[in-house]
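Read the structure below first, then the notes.
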Amino acid sequence: MANGYMPNLHLLLLLLFSVLGVYLDVARGQVLTPSNWLLKMKSEQVDPVGILDNWSPSTHVCTWHGISCSHDMSHIVSLNLSGSGLSGSMWSELWHITSLEVLDLSSNSLSGSIPSEFGQLFNLRMLFLHSNNLSGKLPAEIGLLKNLQALKIGNNMLSGDITPFIGNLTNLSVLGLGYCEFNGSIPFEIGTLKHLISLDLQQNKLSGSIPDSIFGIEELENLVVSNNLLDGNIPSSLASLRSLKVLNLANNSFSGSIPVALSDLTNLVYLNLLGNRFNGEIPSEINKLVLLENVDLSRNNLSGAVSLLNSQLKNLKTLVLSDNALTGNIPDSFCFENSNLQQIFLARNKLSGRFPIELLNCSSLQQLDLSGNGFEGDLPSTLDDLNYLTDLLLNSNSFTGSIPPQIGNMSSLEEVYLFDNKLTGAIPKEIGKLQKLSIIFLYDNQMSGSIPNELTNCTSLTEIDFYGNHFIGPIPKDIGSLKNLAVLHLRQNFLWGPVPESLGYCKSLKLLALADNNLSGSLPSSLGQLSELSTITLYNNSLEGPLPLSFSILKSLKIINFSNNKFNGTIFPLTGLVSLTALDLTNNSFSGPIPSRLSRNLRRLRLAHNELTGYVPSELGELTELNFLDLSHNNLTGELSAQLFNCSKLQHFLVNDNKLTGTITPLIGNLQELGELDLSSNNLYGEIPAELVTCHRLLKLSLHNNNLSGKIPQDIGNLTFLYVLNLQRNNLSGPIPSTIQKCSKLYELRLSENLLTSDIPQELGALHELQVILDLSKNGLSGEIPSSIGDLMKLERLDLSSNHLRGEIPSSLEKLTSMHILNLSYNHLQGSIPQCFSGFPLSSFKDNNELCGSPLLSCSSRQETSKLSKAAEIGIIVAIVLTSMVICLIMMYIMLRMWSNWRNVSVSISDGGGNEHDRDEVRWVHGNDKKVGQYWKVDSVALVRSKASRCVFQLKEDSE
């Protein structure tokens with residue numbers, strides 16, 4: 001009692017203050033007639049169509065537009081200005097016309113709040129303020145309108161709680177508060193409105209559960225609370241709403257199972273529970289609701305079989321069960337002959353089996369959606385039994401076989417979606433009989449054969465998508481017959497031949513995708529007639545020749561991708577395309593300069609791998625929306641203009657592999673959105689500007705193969721998002737900055753072939769994501785290999801060759817189990833090679849003289865070899881000396897014997913007294929023997945000594 005008494009007391013106080021206000025106006029002499037008040041309000045309105053023009057003091061108020069009076073013309077009883085185009089503030093002075101019974105200001109542009117003074121319109125039976133721009137809260141004074149039967153104030157910007165005083169409107173039969181911004185819970189007091197027939201609270205921000213009191217409104221026919229934040233279970237007490245015809249709980253968070261008690265709502269015509277969290281099976285008892293025409297249970301978590309049967313729900317026209325987890329197939333008794341069922345949507349469930357033949361009994365069916373299930377097998381040849389079918393959606397299943405030619409008998413077909421299946425075979429020529437066909441999507445199948453020219457007889461076609469099949473042959477030559485065609489998508493097939501000239505007659509074409517085929521020849525100039533074309537993709541073909549000059553008039557073109565073809569000539573035909581946002585001509589043979597006048601709407605410009613020459617135009621700096629610029633692999637020369645760095649949205653800047661000169665400007669720091677910068681393989685010189693490291697979003701930085709000098713910027717660590725850093729083959733000097741450890745996401749680091757010096761910083765070991773390579777080769781680095789390198793657990797390639805590194809290979813490197821390429825050659829490393837590196841080739845450790853272990857000589861063998869060589873050296877020297885002495889003794893003995901023999905001969909001659917002839921003969925024979933003997937004596941000794949000396953020297957050399 002206390003709770004009910006206080007609100008009523010509040011309303012009585014409001015009423016008292018309102019009455020006092022009227023008496024005060026009378027006392028002040030401020031009372032105006034109704035016509036005066038209306039004229040005053042007219043002056044405050046904007047009336048663009050003159051709907052209030054006949055509101056004049058010279059005519060009776062009852063003759064004014066929108067006004068109705070009592071029979072005796074003494075009172076205004078109705079004001080109806082619905083849909084009059086009025087704007088301005090809400091008519092707050094209307095409360096002075098207390099005789100009003102009907103007030104309808106709906107469907108205008110009135111603003112402001114609902115005046116609390118409206119609570120004084122005690123005679124009001126109907127108040128319609130919906131579809132305006134009203135804001136603020138619903139005033140509590142609305143509860144004073146005890147005679148109100150219909151209140152419709154939805155489709156405004158009203159907010160806050162729904163006032164509980166609305167429960168005082170006991171005569172209310174229609175309450176429409178939908179499409180506002182009301183929050184809080186549904187007032188319990190609404191349950192006191194026992195005569196309520198329609199309750200519309202949809203599209204608000206109401207939360208909580210539906211109060212039980214509402215289920216006591218026995219006369220309620222329409223309950224619409226969709227698109228709120230309501231939750232909880234649906235109570236069984238819902239069954240008490242026996243008069244209910246419309247139940248819409250869509251797009252909330254209701255949960256639990258669908259109550260069986262729902263089957264007691266025998267007058268139900270419309271049931272919508274979509275977009276909630278209902279689970280469990282669909283109650284078969286719902287089949288008792290024989291008046292049901294529309295059922296939508298989609299986007300829930302319902303499971304089990306399809307239990308709703310059209311054979312029982314004979315008035316059913318629409319059945320939507322999509323986006324659940326239903327299993328099995330369609331029941332045998334699903335449909336009956338002469339069924340009224342027009343729409344079946346079972347998409348994105350877990351249904352399986354062959355195409356449900358039972359559906360062919362639904363002869364009145366207009367839309368059939370079985371997409372996103374597990375159906376398989378061939379499509380039935382009797383599919384044409386559904387001769388009223390307009391939309392056939394069987395995509396994203398596992399149907400096989402070919403499209404039956406009987407599809408040509410389905411004369412009502414407008415949309416066919418068979419994509420993402422396993423269909424094979426050719427497109428039946430009979431499809432050309434479908435004069436109403438507007439959309440045909442066959443993409444992502446395995447269909448083959450040529451595209452039949454009969455398809456061009458389907459003159460209502462607006463969209464064709466055959467992407468990702470095995471179609472061969474030419475594009476139908478009469479494709480130009482399809483005057484309404486807006487989308488032609490034939491990408492990723494095996495089509496050959498030229499682009500048909502007739503294609504230029506498809507004047508409605510907006511998207512033309514012919515990429516990834518084997519098309520050849522040049523582009524027809526007729527394409528210049530496609531004035532509505534916005535996207536054309538021809539990449540990965542063999543098209544050639546120059547671009548047609550007619551392209552310059554395609555003002556609607558936004559996207560062009562002609563990459564990977566054989567086009568040549570200049571790109572000037574594209575300079576007049578003011579709407580262009582993406583241009584990709586990569587990998588062709590375009591030549592000449594880059595045009596200075598390109599669309600200022602360009603976001604992507606890719607001209608790589610061509611034969612373009614000249615400077616990079618400074619006018620590209622005016623393309624303020626540009627985020628991708630790729631001019632790499634051309635023959636561009638000169639310096640990069642400072643104006644180019646005004647493209648502050650640039651994310652990819654690639655000009656590598658050209659002949660650019662000059663320095664890297666500090667203006668590079670303006671490109672704060674830059675994610676990829678590649679200036680490699682040019683003739684750039686000078687230092688890397690410190691401003692570059694302010695581009696904090698950089699992911700890839702490639703400056704290799706230039707003539708850059710100076711030091712690596714000390715603050716390189718500011719590039720914390722960097723994945724790739726490549727500075728190799730420059731003239732960079734100084735140490736590697738230790739701040740590089742902050743580049744913690746690096747997975748590729750190349751600093752080789754520079755003039756870097758000092759030690760390798762220990763901080764490199766903090767780069768735990770380094771994976772592709774760490775290459776510091778061919779520098780002047782010294783010191784030892786940091787043990788922290790062993791922390792780079794993901795590293796696959798390590799190259800420290802051709803430096804001045806010393807010391808031992810750290811044992812911590814044994815942790816690099818992912819490494820498959822290692823190069824430590826040409827350093828001064830010593831000690832033992834870790835056992836785990838024995839599988840690497842000899843070249844990995846070449847020219848480290850003090851290094852041992854597999855794959856080099858084992859360390860123990862090296863020590864033994866060293867000891868044996870010293871002993872051998874001593875032994876060889878001793879042997880040489882002894883041998884020399886023996887040889888000398890032998891030679892001396894031989895010489896002495898020769899000398900002794902000579903003496904004996906000489907004596908015998910002198911003592912024998914032989915004749916002169918004999919002496920002369922002996923003298924002729926031996927006359928020189930003394931000299932000869934002396935010669936041999938002296939030279940033989942010298943020769944022996946010389947040989948011995950040479951032998952000793954050679955042995956010493958060998959031992960050394």
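Please read these numbers as outputs of a predicted model, since none were measured by experiment. Side chains are part of it too, since the values below use all heavy atoms of this structure and drop only hydrogens, waters and symmetry mates.
Cation-pi check for R491 over Y467 is not met; the charged atom does not lie both under 6.0 angstrom from the ring centroid and within 45 degrees of its normal.
In this structure C335 satisfies the disulfide bond (SG atoms under 2.5 Å apart) test together with C362, sequence neighbours excluded. Shown here are the ring pair (Phe, Tyr, Trp, His ring centres under 6.0 Å) partners of F345, two or more places apart in sequence or in another chain: there are none. Shown here are the side chain to side chain contact (heavy atoms under 4.5 Å, CB included) partners of P573, two or more places apart in sequence or in another chain: L547, L549, T570.
For the atom pair K483 NZ and K507 NZ, the distance stands at 7.0 Å (nearest 0.5 Å). Taking CG from N421 and OG from S371, the interatomic distance works out to 10.0 Å, rounded to the nearest 0.5 Å. How far CG of L602 is from CG of L574: 10.0 Å, rounded to the nearest 0.5 Å. Note: S450 OG to L495 CG = 9.5 Å, rounded to the nearest 0.5 Å. The line from OG of S396 to CG of D420 is 4.0 Å long, rounded to the nearest 0.5 Å. In this structure, N251 CG and N276 CG are separated by 7.0 Å, a value rounded to the nearest 0.5 Å.
For D678 (side chain) and N656 (main-chain N/O), no donor-acceptor pair under 3.5 Å exists by modelled atom type. At distances below 3.5 Å, at least one donor-acceptor pair connects side-chain atoms of T581 with backbone N or O atoms of K558. Put simply, the side chain of N541 gets close to the backbone of N518: a donor and an acceptor are under 3.5 Å apart. Distance alone, capped at 3.5 Å, is enough to place a donor-acceptor pair between the N248 side chain and the A250 backbone. A distance-only check finds a donor-acceptor pair linking the side chain of N588 to the backbone of K566 [under 3.5 Å]. At distances below 3.5 Å, not a single donor-acceptor pair connects side-chain atoms of S298 with backbone N or O atoms of L274. With hydrogens and angles disregarded, a donor-acceptor distance shorter than 3.5 Å links the side chain of S438 to the backbone of E414. Side chain of S303 to main chain of A325: no donor-acceptor pair is present (N/O by atom type, distance under 3.5 Å, no hydrogens or angles). Panel note: side chain N397, backbone F399; no donor-acceptor pair is recorded below 3.5 Å. A distance-only check finds no donor-acceptor pair linking the side chain of N561 to the backbone of A513 [under 3.5 Å].
Nearest approach of P476 to P500, heavy atoms of both residues: O-CG, 3.9 Å. The two residues R348 and S322 come nearest to each other via the heavy atoms NH2-CB, 4.4 Å. The minimum heavy-atom distance linking F355 with L383 is given by the pair CZ-CD1, 3.7 Å. The two residues N300 and R277 come nearest to each other via the heavy atoms OD1-N, 3.3 Å. Nearest heavy-atom pair, S364 versus L341, reported as atom, atom and distance to 0.1 Å: OG-O, 2.9 Å. Heavy atoms only, all atoms of each residue included: S556 and S531 are closest at OG-O, 2.9 Å.
Screening E796, E748, K794 for a side-chain hydrogen bond (donor to acceptor under 3.5 Å, both in side chains) with Q771, the sole residue that qualifies is E796. A side-chain contact (heavy atoms from CB on, under 4.5 Å) with N287 is found for one member of L292, L308, I282 and no other, namely L308. Checked options L626, N627, D630, L629; the residue passing with R604 is N627 (criterion: side-chain contact (heavy atoms from CB on, under 4.5 Å)).
Inter-residue side-chain proximity for L585 and F567 is flagged as unmet; no heavy-atom pair is nearer than 4.5 Å. Side-chain contact check for P428 versus I407: some heavy-atom pair is nearer than 4.5 Å. Inter-residue side-chain proximity for N395 and D444 is flagged as unmet; no heavy-atom pair is nearer than 4.5 Å. Using a 4.5 Å heavy-atom cutoff, the side chains of I439 and T462 are in contact. Two residues are said to be in side-chain contact when any heavy atoms from C-beta on lie closer than 4.5 Å; R697 and F721 fail this criterion. Considering only heavy atoms from C-beta on, N310 stays 4.5 Å or farther from L319 through its side chain. Residues L346 and F375 have side chains not in contact (no heavy-atom distance under 4.5 Å, counting atoms from C-beta outward). The shortest side-chain heavy-atom distance between V487 and D465 does not fall under the 4.5 Å cut-off.
At a cut-off of 3.5 Å, with distance as the only test, a side-chain donor of K433 or N409 sits close to an acceptor on the other residue. Checked by atom type, the side-chain pair N540/N564 shows a donor-acceptor distance below 3.5 Å. Using a 3.5 Å distance cut-off with no hydrogens or angles, the side chains of N587 and S563 do not pair a donor with an acceptor. A donor-acceptor contact closer than 3.5 angstrom links the side chains of Q343 and Q367. Judged by distance alone, the side chains of N493 and N469 never bring a donor and an acceptor atom under 3.5 Å apart.
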| request: Kindly determine whether I536 and L554 satisfy side-chain contact (heavy atoms from CB on, under 4.5 Å), including the steps that lead there. | output: CA-CA 11 Å; I536 178 170; L554 298 178; over 6 Å; no
| field | Verdict with supporting geometry, L488 and L482, side-chain contact (heavy atoms from CB on, under 4.5 Å) | value | CA-CA 10 Å; L488 179 59; L482 305 178; over 6 Å; no
| task | Would you sort out whether E676 and L654 count as a side-chain contact (heavy atoms from CB on, under 4.5 Å), showing the intermediate values? | result | CA-CA 8 Å; E676 181 181 12; L654 314 174; 3.5 Å; yes
| task | Go through the steps to decide whether L302 and I258 satisfy the test side-chain contact (heavy atoms from CB on, under 4.5 Å), and finish with yes or no. | result | CA-CA 9 Å; L302 300 173; I258 299 174; 4.0 Å; yes
| query | Run the salt bridge (charged side-chain N to carboxylate O under 4.0 Å, His left out) check on R299 and D323 step by step: do they pass? | reply | CA-CA 5 Å; R299 289 173 47 206; D323 296 292; 5.8 Å; no
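Summarising the local packing, NZ of K555 is surrounded by more than 12 heavy atoms from other residues, nucleotides or ligands at distances under 6.0 Å. Counting heavy atoms of neighbouring residues, nucleotides and ligands inside a 6.0 Å radius, atom NZ of K422 does not exceed 12 of them.
Aromatic ring orientation, Y417 versus F419: perpendicular (interplanar angle above 60°, classes split at 30° and 60°).
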